[in-house]
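Comments concern the structure below.
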Amino acid sequence: MYRFLLSRQWVILTLVALALIPVMIELGFWQFHRHERRVAQNTLIADNLKAAPVPVEELTSPGHVVPRADYWRQVTATGTFDTAHEVVVRRRTSSDDRVGAHVLTPLVLEDGRTVLVNRGWVPGAANQRDYPEVPPAPRGRVTVTGRLKADETTGASGIKDLKGLPDRQVMLISSRQQAELIGREVLGGYVEQTEPAAAGGSPEQIPEPDHDSIGAHMAYAVQWWLFAAGVPVGWLVLVRREKRDRETGTAGTAEDAENGGDGGPEDAEAGDGVPQEGGDAIQTTSPR
């Protein structure tokens with residue numbers, strides 16, 4: 001009854017179905033783990049944003065790699081802005097997706113070391129090789145509050161560190177690169193400034209990261225698992241349909257074989273020339 005399952009077509013179909021099931025299950029777990037990471041990140045962001053600010057020197061030092069546990073920690077830094085070594089970070093977008101640049105200004109701390117401060121976003125110049133118009137940083141001693149971030153890398157951000165850029169323009173925020181340019185010790189990572197607010201609203205300060213949305217990863221995971229469950233169900237439906245079609249075809253062939261002589265052409269030929277009643281009988285009588 002099920003010998004058709006040994007046919008080449010059905011063997012291939014079965015193997016494909018068996019291969020799809022674990023692949024779909026794995027894709028579901030991949031989306032589930034992404035959901036878990038998103039939830040964990042949202043929790044980390046929320047906790048670090050609520051934590052009381054601490055001096056930046058307590059969390060980082062020259063050459064230090066900021067760990068993920070310290071991302072978005074509220075920190076303070078007191079010193080004097082070094083506008084002579086200020087640079088802009090190209091191809092950055094504002095909160096409403098306008099393309100411009102971030103203003104990166106070194107802040108010389110009271111102990112002589114330096115921390116990089118991302119003062120915010122400004123519109124780009126009409127010519128990409130020109131330095132954009134940047135409002136001056138506050139003069140004198142200032143205390144900055146902001147969020148601690150790790151140095152940017154191409155691997156983490158996907159941004160290529162292009163060479164040959166115009167003077168005082170960079171692609172990535174790197175304390176190591178800036179330490180070489182400044183010639184002074186620079187603390188690892190950088191600070192996204194949140195206070196004090198810039199005069200006139202420029203540079204436009206970077207909004208805090210989204211930590212409410214969890215995305216659709218969990219829904220995608222459930223979809224993949226439903227697809228995996230649907231593969232064997234679909235396979236069984238196809239098998240039952242094939243079996244029914246074959247049974248219907250066999251039954252029809254047997255019925256035709258039993259009734260093959262009834263009303264066939266041979267019977268019609270056998271009646272040719274036989275006298276019929278009425279006019280046909282007169283036509284078959286030879287005239288005298």
Side-chain angles (χ1 to χ4, degrees), residues 41-42 45-46 48-51 53 56 60 66 70-108 114-153 156-162 165-175 177-178 181-182 186-187 189-213:
Q41 176 170 294
N42 287 349
I45 295 173
N48 285 352
L49 291 179
K50 288 187 298 184
V56 67
T60 184
V66 178
D70 288 338
Y71 285 14
W72 305 286
R73 281 288 303 272
Q74 297 273 58
V75 296
T76 60
T78 301
T80 305
F81 279 116
D82 178 11
T83 56
H85 294 99
E86 183 176 78
V87 298
V88 293
V89 190
R90 294 162 56 98
R91 300 180 186 176
R92 300 304 169 103
T93 56
S94 65
S95 57
D96 55 357
D97 294 330
R98 290 176 293 159
V99 179
H102 283 174
V103 181
L104 193 65
T105 310
L107 181 70
V108 182
T114 298
V115 63
L116 301 177
V117 177
N118 186 344
R119 294 201 290 130
W121 179 91
V122 294
N127 186 332
Q128 289 191 4
R129 300 197 63 83
D130 292 341
Y131 195 81
E133 183 177 346
V134 177
R139 294 183 179 183
R141 187 172 181 270
V142 62
T143 297
V144 172
T145 302
R147 299 179 287 263
L148 181 63
K149 298 290 293 293
D151 286 334
E152 296 177 344
T153 63
S157 66
I159 302 172
K160 293 183 179 180
D161 191 11
L162 302 177
L165 295 176
D167 188 35
R168 299 174 64 194
Q169 299 189 37
V170 298
M171 295 299 299
L172 296 169
I173 302 177
S174 170
S175 61
Q177 290 181 0
Q178 295 305 308
L181 294 174
I182 298 172
V186 177
L187 305 186
Y190 64 97
V191 177
E192 278 183 354
Q193 180 177 336
T194 57
E195 295 179 8
S202 183
E204 180 183 309
Q205 291 184 346
I206 301 170
E208 68 177 32
D210 175 25
H211 55 279
D212 294 325
S213 172

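As the structure is a prediction and not an experimental result, all values here were calculated from the model.
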> Looking at His102, Glu192, Arg147, which one forms a side chain to side chain donor-acceptor pair (under 3.5 Å) with Asn118?
Replying inline: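 So, applying the side chain to side chain donor-acceptor pair (under 3.5 Å) to Asn118 and each of His102, Glu192, Arg147, only His102 qualifies.
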To the nearest 0.5 Å, what is the distance between [atom1] ([X]) and [atom2] ([Y])?
X      : Y      : atom1 : atom2 : result
Leu104 : Glu86  : CG    : CD    : 8.5 Å
Trp121 : Asp96  : CH2   : CG    : 6.5 Å
Leu107 : Thr83  : CG    : OG1   : 11.5 Å
Leu172 : Gln177 : CG    : CD    : 6.5 Å
Thr145 : Gln193 : OG1   : CD    : 8.5 Å
Leu116 : Ser174 : CG    : OG    : 8.5 Å

Below 3.5 Å, can you tabulate the donor-acceptor pairs from side chains in residues 136-144 to any protein atom, sequence neighbours excluded?
from: Arg141; atom 1: NE; to: Glu110; atom 2: OE2; distance (Å): 2.8
from: Arg141; atom 1: NH2; to: Glu110; atom 2: OE2; distance (Å): 2.6
from: Thr143; atom 1: OG1; to: Thr78; atom 2: OG1; distance (Å): 3.0

>> Quick one, Asp151 with Ser175, criterion side chain to side chain donor-acceptor pair (under 3.5 Å). Give me CA distance, side-chain angles, the key distance, then yes/no.
In response: CA-CA 6 Å; Asp151 286 334; Ser175 61; 2.6 Å; yes
What closest approach, in Å, do [X] and [Y] show between heavy atoms, and which atom pair accounts for it?
X      : Y      : result
Val56  : Ala77  : CG1-CB, 3.9 Å
Ser213 : Asn42  : O-ND2, 2.8 Å
Val66  : Gly189 : CG2-CA, 4.0 Å
Tyr131 : Val88  : OH-CG1, 3.5 Å

> If we ignore angles and hydrogens, is there a donor and acceptor under 3.5 Å between the side chains of Gln169 and Arg90?
Replying inline: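 Present: a donor and an acceptor within the cut-off.
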>> Does Phe81 form a side chain to side chain contact (heavy atoms under 4.5 Å, CB included) with Val117? I'd like the steps, not just the answer.
In response: CA-CA 9 Å; Phe81 279 116; Val117 177; 4.0 Å; yes
>> Counting C-beta onward and ignoring hydrogens, is there a side-chain heavy-atom pair between Gln178 and Val170 closer than 4.5 Å?
In response: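 Gln178 reaches Val170 side chain to side chain.
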Would you mind writing out the side-chain donor-acceptor pairs for residues 195-208 within the sub-3.5 Å range, not counting sequence neighbours?
from: Glu204; atom 1: OE1; to: Arg98; atom 2: NH2; distance (Å): 3.2
from: Glu204; atom 1: OE2; to: Ser95; atom 2: OG; distance (Å): 3.2
from: Gln205; atom 1: NE2; to: Pro196; atom 2: O; distance (Å): 3.0

> Leu165 and Met171: side chain to side chain contact (heavy atoms under 4.5 Å, CB included), yes or no, with the steps?
Replying inline: CA-CA 9 Å; Leu165 295 176; Met171 295 299 299; 3.6 Å; yes
>> Using salt bridge (charged side-chain N to carboxylate O under 4.0 Å, His left out), reason through Lys160 and Glu152 one step at a time and then give a plain yes or no.
In response: CA-CA 11 Å; Lys160 293 183 179 180; Glu152 296 177 344; over 6 Å; no
> Is a side-chain N or O of Arg73 found less than 3.5 angstrom from the main chain of Ala51, in a donor-acceptor match?
Replying inline: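 Not confirmed, Arg73 side chain does not pair with Ala51 backbone.
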> How far apart are the C-alpha atoms of Val191 and Lys149, what are their side-chain angles, what is the distance that settles it, and do they pass the side chain to side chain contact (heavy atoms under 4.5 Å, CB included) test?
Replying inline: CA-CA 6 Å; Val191 177; Lys149 298 290 293 293; over 6 Å; no
>> Please list all pairs meeting salt bridge (charged side-chain N to carboxylate O under 4.0 Å, His left out) that have one or both residues in residues 121-138, counting only residues at least two apart or in different chains.
In response: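 Of all non-adjacent pairs touching residues 121-138, none passes salt bridge (charged side-chain N to carboxylate O under 4.0 Å, His left out).
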